[in-house]
Amino acid sequence: MDERSRANPGGVGQNDMSDDRESILSRVRGALAPLRERAAMPDYTTEIAVMRNLLAGRDALAVFSERIKRVNGIALTDPAALVEKLRAGGWLHGYCDPALWPTLAPHFGEGFKVETVFDRTRVDDYAFGITRAAGAIAETGTVILDDVTTSSRLAALAPWVHVAVVNRAQIFSDLPQAVAALGADSNVIWCTGPSKTADVEGILIEGVHGPGVQIALVVD
């Protein structure tokens with residue numbers, strides 16, 4: 001057996017291994033590449049949207065407030081009530097989207113420290129974060145976040161209390177209606193109440209990998 005055969009007893013050449021590796025990596029890169037076009041919405045009959053029929057004639061805000069409460073979230077329509085909620089919880093230091101702060105600032109009194117720039121190096125300093133939401137879903141009590149409207153994704157997910165400011169006109173009746181209205185944003189988060197898990201012995205724990213308190217402030 002010559003030296004080449006002794007070093008490579010299986011007979012697999014270095015070039016063959018490189019080709020196989022490149023083939024695998026190219027397929028991975030192709031799978032991770034963004035889609036050129038968004039997938040089309042599936043066809044479904046109006047009878048499938050049962051909740052949309054049931055909600056017809058009902059106030060979307062009333063249904064949303066009812067459903068978010070069932071998943072341990074809170075819906076408010078008065079900024080003053082939000083401030084009292086934060087004060088009662090002892091949540092006095094937080095972040096607010098700079099576009100929202102001029103409207104909300106008059107409702108905050110003494111004792112609060114609100115920043116309009118989220119400092120990642122002091123992430124544990126923020127007890128609450130106030131950001132804009134892309135909308136909400138009445139059927140499930142879900143708050144919708146996306147990259148277009150959220151000023152700071154970390155400010156929406158890291159503080160113990162997240163306040164999502166929802167435009168009343170953007171409360172959708174159900175998930176299909178919301179998806180159809182969201183456009184082409186490729187990064188959307190559906191927040192149905194506080195973050196929660198029951199992985200450990202089936203015990204429900206809230207606030208494990210996100211906010212422990214989810215508040216929706218609905219505005220006109």
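Count residues from 1 along the sequence. All values derive from a computational prediction rather than experimental measurement. Quick note: numbers below take in every heavy atom, side chains included, and nothing from hydrogens, waters or symmetry partners.
Other residues, nucleotides and ligands place more than 12 heavy atoms under 6.0 Å from the CZ atom of R29. Residue R122 places its CZ atom among more than 12 non-hydrogen atoms of other residues, nucleotides or ligands, all under 6.0 Å distant.
In terms of heavy-atom proximity, A138 sits nearest to A60 at CB-O, 3.8 Å. Among all heavy-atom pairs drawn from P98 and P102, the shortest one is O-CD, 3.2 Å. Among all heavy-atom pairs drawn from Q214 and A164, the shortest one is NE2-CB, 3.9 Å. Pairing each heavy atom of G111 with each of L92, the nearest pair is O-CB, 3.5 Å. Between A136 and I144, the shortest heavy-atom contact is N-CD1, 3.9 Å. Across A133 and T149, no two heavy atoms sit closer than the pair C-OG1, 3.8 Å.
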Stepwise, does the side-chain contact (heavy atoms from CB on, under 4.5 Å) test hold for Y95 with D119?
CA-CA 9 Å; Y95 162 87; D119 187 348; over 6 Å; no
Set out, in order, the CA-CA distance, both residues' side-chain angles and the distance that settles side-chain contact (heavy atoms from CB on, under 4.5 Å) for E139 and Q177, then state yes or no.
CA-CA 11 Å; E139 177 185 3; Q177 189 180 69; over 6 Å; no
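For the pair R153/N187, a side-chain contact is recorded, criterion being any heavy-atom separation below 4.5 Å from C-beta on. Side-chain contact check for L175 versus T140: every heavy-atom pair is 4.5 Å or farther apart.
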Distance-only donor-acceptor pairs under 3.5 Å for side chains of residues 74-88, two or more places apart:
{"unit_1": "D78", "atom_1": "OD1", "unit_2": "A80", "atom_2": "N", "d": "3.0"}
{"unit_1": "R87", "atom_1": "NH1", "unit_2": "E110", "atom_2": "O", "d": "3.3"}
{"unit_1": "R87", "atom_1": "NH2", "unit_2": "E110", "atom_2": "O", "d": "3.4"}

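Separation of atoms CZ (R21) and CD1 (I24) is listed at 9.5 Å; rounding is to 0.5 Å. Atom CG in D20 sits 11.0 Å away from atom CG in L25 (nearest 0.5 Å). We find the CZ-CD distance between R132 and Q170 to be 10.5 Å, quoted to the nearest 0.5 Å. Once rounded to the nearest 0.5 Å, the distance linking OG1 of T142 with CZ of R67 reads 10.5 Å. Separation of atoms CZ (R70) and OG (S65) is listed at 12.0 Å; rounding is to 0.5 Å.
Cluster partners of L157, by chain and number: L61, F64, I68, V71, V143, L145, V166, I171, I189, V218. The rule joins Ile, Leu, Val, Met, Phe, Trp and Tyr whenever side-chain heavy atoms lie under 4.5 Å apart.
Under a hydrophobic clustering in which Ile, Leu, Val, Met, Phe, Trp and Tyr are joined whenever their side-chain heavy atoms come within less than 4.5 Å, directly or via other members, V163 and F108 fall into the same cluster. When hydrophobic clusters are built by joining Ile, Leu, Val, Met, Phe, Trp and Tyr residues whose side-chain heavy atoms come closer than 4.5 Å, directly or via intermediates, W91 is not grouped with Y126. Linking Ile, Leu, Val, Met, Phe, Trp and Tyr residues whenever their side-chain heavy atoms come within less than 4.5 Å places V219 and W101 in a single cluster.
Screening T103, I130, D97 against V165 for a side-chain contact (heavy atoms from CB on, under 4.5 Å) leaves a single residue, I130. A side-chain contact (heavy atoms from CB on, under 4.5 Å) with V188 is found for exactly one of V179, D147, D146, V148, namely D146.
Using bins of under 30°, 30° to 60° and over 60° for the plane-to-plane angle, the ring pair F128/F112 lands in the perpendicular bin.
Under a 3.5 Å cut-off, the side chain of H209 and the backbone N or O of S195 do not form any donor-acceptor pair.
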